[in-house]
Novice: 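Take a look at this one; I'll ask things after.
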Amino acid sequence: MENFIKSILPSVDKPSRYTGGEYNTPHIDLSAACRFAMCFPDIYEIGMSNLGIEILYGILNRMEGVSCERCFAPWHDMAEQLRKHKMPLFSLESKTPLHKFDMVGFSMQYELSYTNVLLMLELAGISFLAKDRKEQDPVLIAGGPSCVNPYPFADFFDIILVGDGEGIIEDIANAYKANKARGGSKQDFLKDLNRYECLYVPSVQKDKRVKRNIVMDMDNAFVETKPLVPNIEAVFNRAKLEIFRGCTRGCRYCQAGFVYRPVRERSVGTLKNNATQIIENCGFDEMTLASLSTCDYSHLRELLFELKPLIDKKQINVSLPSTRVDSFEAEFVESSRKSSVTFAPEAGTQRLRDIINKNVTEEDILTSLTKAFQKGYSAVKLYFMLGLPGETDEDAEAIFVLAQKIKRLYKQVASSKKALSLVIGTTIFVPKPFTPFEVCALVDREAVDKRQVWLKQQCRKIGVKFGYCDYDMSMLECIFSRGDARLSKVIVRAYQLGAKFDGWSDSFAMDKWRQAFLDCKVDMQDYVGQMPNGGWHQLDTGIDKVYLQEEYKKAMEGTTTDDCRKGCKNCGLIGVCYPESMSKSKPQKKGAKQC
Amino acid sequence: MLICKYTKTKAAAYIPHLDVLRHMDMILRRADIAVQKSQGFNPHTKIFFGPPLPIGVESLAEYFVVHTTDISQADFVDKFNAHSIEGLQISKTWSVETDPNIYPKIGYAEYVLHFVETSTDRLSQIVQDISQKKEWVVEYKRKTEQKTQDILPLVKSMEVSSENCLRCVLSVAPNLRAALLCEAIGKEYGLQKLFISKERQFDKSMCDIDDCIKNNRWK
């Protein structure tokens, strides 16, 4: 490791965040024609848990003439050291300053990490705005889920990739190499890339109708079977096996449930093969079957049977997110250690759960918990959202009533002698683009404050832990998720005023944001109230706007919509869906292809 | 049972001790090396380490004891090293019947202190100056407490090893942290520490631990 880095590492917390050298690190070709820096605008422990980064890093490093290195947002102490020693932000693998790369990619995961992009650019000595950057500066590219509404940060990037990165990232790298070989300029390269429907190249075509990239054949899509093993514990410290993409549930608040449609499953054979290689190559003692709704995988039982010999041989635990404790599958992977059971009913009453189309009943929860308590579980976590459209004080009260019922149930049926640990976590609902609730206003501060305070007091009385989140953070998340191009200057201003790591409650400073909005003469309320004509529909995620409006209408009537496996709901992806992942029923739209 | 001498250099030098323990399990699982586990509800791999090395200090002479099952020493080393992290590599092994419990027996450790931009002459002057001291009281902070200590009796030897480096043997029990000595040198002579590397460990009579194990000195 270079001495200049060695000299500052003793002054920072968790220096392993900046050293690289993880197991499975590929050989980095420093003379590659296209050197790519994959950046994540949050700390190492979070970025190293991200599946998207892992996939793209793997794809790029397996390409001829292309190399990819990583860079994460340096924590406050490291940023201070870099500034103090006038050292530019560098990549983990070869410690190359970011500005020396050909392309610098950012994974845009979360609205409150936008200022961290600027933090990393500033530390790297790269100008914030694409128009201010010179020919020799790297080409900046954004990808990730936040790119379904890229307009608030579009000014910072040369290219924005919307949708799945597989397939297109190879094309981008190859186009870069080809352009370089023929001596083309940066603008030639950008013009060339504008031919791809899923790439937004603001400097070439500002008003383009960008179409989300969808990788249909997951069996042939790249899987990283030699994942990097973080040197320090990452937040997600397990092997990841992505079993499918997309979700058919149609929960009306969930952006991922819409913008990752349709469901694209991997076959059991592929998954078994991948799992075997991943486990052998990484050595984790736990593997998670990752997806938006794992229990909906159509061959889950078969997959578990196929994985059983591997699980037994390597003595690993398999975690199945979102399965019922009493289901066959959950019992199959159960270990002798009983950890906690988690439910996300999201809303307190059936009326409100029908509005949001969350298909869980109180009876489901209590039946599952009866089984869990009988088996010896003694810890329960329940997650709710406050401020959902149509919510009243009664809905918050119902959360508390459910907590009381669970406490009583535990006394009646528990086999464990431990006291029940019941945690209720609440977040504030944030309306997101491309969901039926995209038009809704963010809940009023007063209404949500009142419900939070009431629940907090009541929970304390009966010994239930209650967690809640900050209204200001949710408000900013709402503003940036539904924002437009006017917001890029606000992000820059807030950063200049000192905003960074906004998703971290101890770093978050709303006063800086208020000042930034004031200075830029942008009214926050423009994005917090109802937004019937959100500008994000300039982009095409494949989901029909009329479908979203109909879903919103149904929500307001309290009518639920069935899982789309039970019949096509005409969301706009007719003809894109895989036949086997969808029902045989005919879509209602006239002249549409049957899916 | 195997005693393994291992290095903790490069990026591995920055991995905290608890994470090293976690990595050991992962390395053994990757390498498909069967080792004995403790009995009970929550079985743990039977592998025992000495006191943690401070984060950022490199070392060529750390030791652990592992209860292996049916594997030759050479196989163990090959498989372990092939599946380990860069910098965390086994350099020597000894097969033993019983755990000699090395760590309480360690008396001294040899360190090389690397400094930023200095010279052999300057370092020689510093060594000369220190050798003429009667005592060397330094202040340091332990958690929230401010403490003072005369570190001179804990410095067994000190010499210039190369252009920017001092080689010194420091007491382990009682312990003098090499970082504290670097800090004291930095403060008094205006040098800036680059990094510290531990090169050897000795028992209380200054016999190299490797020789102690080889000659079964503690039997």
Side-chain angles (χ1 to χ4, degrees), chain A residues 1-27 44-45 78 85 92-95 226-234 237-239 276-287 310-311 313-317 335-338, chain B residues 8-35 37 40-45 54-58 79-89 114-117 164-165 177-179 182-183 186 191-197:
Chain A
M1 199 184 307
E2 287 72 2
N3 281 349
F4 70 92
I5 294 168
K6 271 188 176 174
S7 68
I8 60 168
L9 287 180
S11 322
V12 301
D13 189 30
K14 298 193 180 173
S16 270
R17 287 169 175 166
Y18 316 103
T19 58
E22 295 88 346
Y23 186 74
N24 281 335
T25 303
H27 166 73
Y44 178 87
E45 292 94 312
M78 184 63 169
H85 293 90
L92 261 57
E93 285 81 355
S94 68
K95 317 289 180 286
K226 287 181 110 188
L228 299 187
V229 181
N231 277 348
I232 48 169
E233 214 166 341
N237 207 40
R238 290 171 280 237
T276 312
Q277 291 184 56
I278 293 170
I279 288 301
E280 274 184 5
N281 291 333
C282 71
F284 281 114
D285 61 354
E286 191 175 355
M287 179 170 65
L310 175 72
I311 296 170
K313 185 182 163 216
K314 291 281 181 177
Q315 294 181 323
I316 54 166
N317 290 323
S335 69
S336 53
R337 237 174 297 165
K338 303 273 182 291
Chain B
K8 194 165 178 278
T9 57
K10 300 180 183 171
Y14 296 90
I15 305 178
H17 188 65
L18 285 179
D19 285 302
V20 172
L21 305 189
R22 202 170 51 79
H23 277 294
M24 285 291 170
D25 264 335
M26 294 174 72
I27 294 164
L28 295 171
R29 200 173 296 113
R30 286 196 292 258
D32 221 356
I33 299 174
V35 289
K37 301 245 174 176
F41 186 66
N42 204 355
H44 275 78
T45 308
I55 296 175
V57 174
E58 298 195 355
K79 280 187 168 182
F80 185 98
N81 285 349
H83 292 90
S84 184
I85 312 159
E86 190 189 8
L88 195 79
Q89 297 280 308
H114 298 249
F115 295 95
V116 181
E117 288 171 12
N164 292 317
C165 305
R177 287 183 301 115
C182 276
E183 220 173 89
L191 294 191
Q192 197 195 330
K193 177 189 86 177
L194 192 55
F195 68 97
I196 299 165
S197 162

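Chain identifiers are assigned alphabetically (A, B, ...) following the order of the sequence lines, protein sequences preceding nucleic acid strands; residue numbering begins at 1 within each chain.
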Novice: Go through the steps for B:K193 and B:E183 under the test side chain to side chain contact (heavy atoms under 4.5 Å, CB included), then give the verdict.
Specialist: CA-CA 8 Å; B:K193 177 189 86 177; B:E183 220 173 89; over 6 Å; no

Novice: Heavy-atom cut-off 4.5 Å, strictly under: side chain, backbone, both or neither for A:K313 against chain B?
Specialist: side chain

Novice: Got a donor-acceptor contact below 3.5 angstrom from the B:K10 side chain to the B:I85 backbone?
Specialist: no

Novice: With only heavy atoms counted, which part of B:H83 is less than 4.5 Å from chain A, the side chain, the backbone, both or neither?
Specialist: both

Novice: In this structure, are over 12 heavy atoms from other groups packed under 6.0 Å from A:K314 atom NZ?
Specialist: yes

Novice: Taking A:P230, A:S16, A:G20 one by one, which has the highest count of heavy-atom pairs under 4.5 Å against chain B?
Specialist: A:S16

Novice: Quick check on A:H85: does its NE2 atom have over 12 non-hydrogen neighbours (other residues, nucleotides or ligands) under 6.0 Å away?
Specialist: yes

Novice: So what's closer than 4.5 Å to chain A heavy atoms on B:I55: side chain, backbone, both or neither?
Specialist: side chain

Novice: Answer with side chain, backbone, both or neither: which region of A:N281 has an atom nearer than 4.5 Å to a non-hydrogen atom of chain B?
Specialist: backbone

Novice: Taking atom CD as the centre, does A:E286 end up with more than 12 heavy-atom neighbours from other residues, nucleotides or ligands that are less than 6.0 angstrom away?
Specialist: yes

Novice: Is it true that a side-chain atom of B:N81 and a backbone atom of B:Q89 form a donor plus acceptor pair closer than 3.5 Å?
Specialist: no

Novice: Which atoms of A:E233 come close to chain B, meaning under 4.5 Å heavy atom to heavy atom: side chain ones, backbone ones, both, or neither?
Specialist: both

Novice: Between B:R30, B:M26, B:R22, B:E86, which residue shows the highest count of heavy-atom pairs closer than 4.5 Å to chain A?
Specialist: B:R30

